[in-house]
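Below, read A as the first sequence line, B as the second, and so on, with proteins coming before strands; counting in each chain starts at 1.
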Number of protein chains: 2
Amino acid sequence: MKPATIRDVAERAQVSVASVSRVLTGAGAVTEPTRLKVLEAVEALAYVPHSGARSLSTSRTDTVGVILPDLFGEFFSELIRGMDVAARANGLHLIVSSSHDDASEAAAAIRSMRGRVDGLIVLSPHLDSAHLAQSLVGRLPVLLMNGGANDAGRPSMVVDNVGGAVAAVEHLLAQGRERIVHIGGPSGNLEARERQAGYVQAMTAAGREPTIVAGAFTQASGHDATKALLAEGVRPDAIFAANDMMAVGALLAFQDAGVRCPEDVAVVGFDDVPIAALVRPALTTLRVEIAETGRRAMDRLAALIAAFNDPEAAPDAACETIRPQLVVRQSCGRAHPFNGETQ
Amino acid sequence: MKPATIRDVAERAQVSVASVSRVLTGAGAVTEPTRLKVLEAVEALAYVPHSGARSLSTSRTDTVGVILPDLFGEFFSELIRGMDVAARANGLHLIVSSSHDDASEAAAAIRSMRGRVDGLIVLSPHLDSAHLAQSLVGRLPVLLMNGGANDAGRPSMVVDNVGGAVAAVEHLLAQGRERIVHIGGPSGNLEARERQAGYVQAMTAAGREPTIVAGAFTQASGHDATKALLAEGVRPDAIFAANDMMAVGALLAFQDAGVRCPEDVAVVGFDDVPIAALVRPALTTLRVEIAETGRRAMDRLAALIAAFNDPEAAPDAACETIRPQLVVRQSCGRAHPFNGETQ
DNA sequence: CTGTTAGCGCCTTCAG
DNA sequence: CTGAAGGCGCTAACAG
């Protein structure tokens, strides 16, 4: 009834548990006859090693955890997809833990990972990562993706949000747009703050007055913000949204209101989620290569884990910066409607 | 240096490990003074219980696995999002295992879950689930979502693909469309087969000749299939694609070719992924309520796990059927362009 | 090459 | 109420 253990196998094969372990793990030499006897018993008993028990004695779980604030929207989906690919390539299982709105919740999630994973990727844009990181530095390999500037000195990856935002605004200005409004992300979000800062910086540098309305990274919030804008009589000739989903919301709000894009208003997003290329007009945005970033992050974590068990490994404490690339599409009025990106 | 164990805590608190365990798990009465001593030690040593070790002795991991073929596209993202919500609500961790193209790979993934999870949700539309299910029935609580008809008798959830497809075709026919072409999914995919069967059935019933072109559930394949169709001089007045992403690909291919939708051709998809409401023209499709389905599946798995450890629990072996609902949008030429779905 | 034995870190009877 | 001891299933020395 109960699943067979290594002992059952040993008994049936008339060998010791050590031998069974040897043929199953591949470590240690075993004579052919015993190997066959073991395999026969394994087959007969439909034996499958208990990875939990194995973990306890090897102190390796071959599992990594990903802590993230949310699972909503294409950004996180893409990121996880990239991580999943790399995890598989590195022989690692992936356990995702999301919906951590506040710091204490995230901390609890991280704590509950102990004994469950060999390493962690932490995305926690809502709080300062230093605090969190402190609590587990040295204890566990961790790769930070907090969008905060305070990740320097620890293994981390950040997006150059300021640079991306500046590029967006400069592009709009270069096209002759004058009244550029920014739809910001959630106030507590570090990435959102940086994108907003970049916007303000570029506007100020150009001698323009920044105008900011609040959003929440959701399509609905972009839609609402735009509607509110129009209701107030504000008539921007360009929108720079802090992410693509809000930009899409803005796009649709303009359509609802009969404002033409790109003729009357240009719209720029951030991230380049898959949908950005599919809406019409296709969205100009800052490409982050999300899945690739996830893949890269997981590869680095795998390396961190390997180094963790190897005393003479070179410590990787690099803070890698992802530089978003401006992708110009129809929503800015320049690109050809169908520029081969339909796939 | 190394993380503290329960023994370290016991030592520092001058109590036995049993007492530490008692205050930490909440089970078993402890006198207030010892409780405080323990908590003090826990705090001082920054002790965190090792969940792997705990699992070994309790034989509960509080973790569930999700086996799925892929992580690509919004369908699986949404599904996992729903599962994640329910997992959290049930106090369960989620480990995802994807990219299992063939049966042996999926089987290996399932096997490697032993000792790692308390239960499994298996999505394996590429192979007959019975075989897989057999190998673990009784051993582990499993919820099947294989889209196969052979899940009856085991806890499972299936989408009424035939019914959905029939509804799609009938709707198109009712609108006066005559030359309805079906873009099919991957040949090995059970859901794709059923949707195709439904299409054929409805067409035949209406006395029309079915026309089927092959796709692969990706946007690119829908695009290519449509392009090929046009190149051959075929001029359908409606497309029923086996999923939304292929429908979107078709939509864009028609735009490229200057064929107007919905005037010249109607397009219907399947699934109602978020993007379906965002493309223009917005896509008519069959709504599956993906996230909700995932949530429901996880809730059922949680119940299965609970029942698994309770001898006198009523066995749940129901095969729940999800009936997709036709959502009419612009791509069929009926719905108002902006019908309030912009959010 | 093989078997014996001691843990991995924790929970959980069972006496006291 | 508390502590001692056994065991969860497996791996990894260490002898033989």
Donor-acceptor contact below 3.5 Å, side chain A/Thr58 vs main chain A/Arg60
yes
Contact nearer the 5' end of DNA chain D, comparing B/Gln14 with B/Thr58:
B/Gln14
Determine the contact category for B/Thr34: base if any of its heavy atoms lies under 4.0 Å from a base atom, sugar-phosphate if only primed atoms, P, OP1 or OP2 are that close, otherwise nothing.
sugar-phosphate
With sequence neighbours excluded, residues passing salt bridge (charged side-chain N to carboxylate O under 4.0 Å, His left out) with A/Arg300
A/Asp316, A/Glu320
Give the table of side-chain donor-acceptor pairs shorter than 3.5 Å for residues 76-83 of chain B, with sequence neighbours excluded, one pair per line with atom names and distance.
{"unit_1": "B/Ser77", "atom_1": "OG", "unit_2": "A/Ser77", "atom_2": "OG", "d": "3.4"}
{"unit_1": "B/Ser77", "atom_1": "OG", "unit_2": "B/Gly73", "atom_2": "O", "d": "3.0"}
{"unit_1": "B/Glu78", "atom_1": "OE1", "unit_2": "B/Arg81", "atom_2": "NH2", "d": "3.0"}
{"unit_1": "B/Glu78", "atom_1": "OE2", "unit_2": "B/Arg81", "atom_2": "NE", "d": "3.2"}
{"unit_1": "B/Glu78", "atom_1": "OE2", "unit_2": "B/Arg81", "atom_2": "NH2", "d": "3.4"}

Test side chain to side chain contact (heavy atoms under 4.5 Å, CB included) on A/His93 and A/Ser51; report intermediate values, then the result.
CA-CA 12 Å; A/His93 289 258; A/Ser51 28; over 6 Å; no
At a 4.0 Å cut-off to heavy atoms of chain A, the contacted part of DNA chain D spans D/dC8 to D/dA13
Sequence neighbours left out, what passes side-chain contact (heavy atoms from CB on, under 4.5 Å) with A/Ala44? Give chain and number order.
A/Arg12, A/Glu40
Counting distance only, does the side-chain N/O of B/Thr5 pair as donor-acceptor with the main-chain N or O of B/Arg7 below 3.5 Å?
yes
Does CZ belonging to A/Phe72 count more than 12 external heavy atoms closer than 6.0 Å?
no
Look only at the side chain of A/Ser21 and the backbone of A/Val17, and say whether a donor-acceptor pair between them is shorter than 3.5 Å.
no
Contacts of A/Asp8 that satisfy salt bridge (charged side-chain N to carboxylate O under 4.0 Å, His left out) - sequence neighbours left out
none
Less than 3.5 Å apart, any donor N or O on the side chain of B/Thr61 or B/Asp118 sitting next to an acceptor on the other?
yes
Between residues 15-25 of chain B and DNA chain C, which residues have a heavy-atom gap below 4.0 Å?
B/Ala18, B/Ser21, B/Thr25
Taking atom CD1 of B/Ile67 and atom OG of B/Ser112, what is their separation to the nearest 0.5 Å?
7.0 Å
In the 5' to 3' direction, the nucleotides of DNA chain C bounding the stretch that comes under 4.0 Å of a heavy atom in chain A are C/dC1 to C/dC10
In residues 35-47 of chain B, which ones come under 4.0 Å of DNA chain C, going by heavy atoms?
B/Tyr47
How would you list, by chain and number, every residue that makes a side-chain contact (heavy atoms from CB on, under 4.5 Å) with A/Val48, sequence neighbours excluded?
B/Arg111, B/Arg114
Under the salt bridge (charged side-chain N to carboxylate O under 4.0 Å, His left out) rule, collect the residues that match up with B/Glu32, sequence neighbours excluded.
B/Arg35
Set of salt bridge (charged side-chain N to carboxylate O under 4.0 Å, His left out) partners for A/Asp299, sequence neighbours left out:
A/Arg295
Between the opening five pairs and the closing five pairs of the helix from C/dC1-D/dG16 to C/dG16-D/dC1, how far apart are the helix axes, to 10°?
40°
Determine whether a donor-acceptor pair (N or O, by modelled atom type, separation under 3.5 Å) exists between the side chain of A/Thr63 and the backbone of A/Ile95.
no
Within the 4.0 Å heavy-atom criterion, would you say A/Ser59 contacts the bases, only the backbone, or no part of the nucleic acid?
nothing
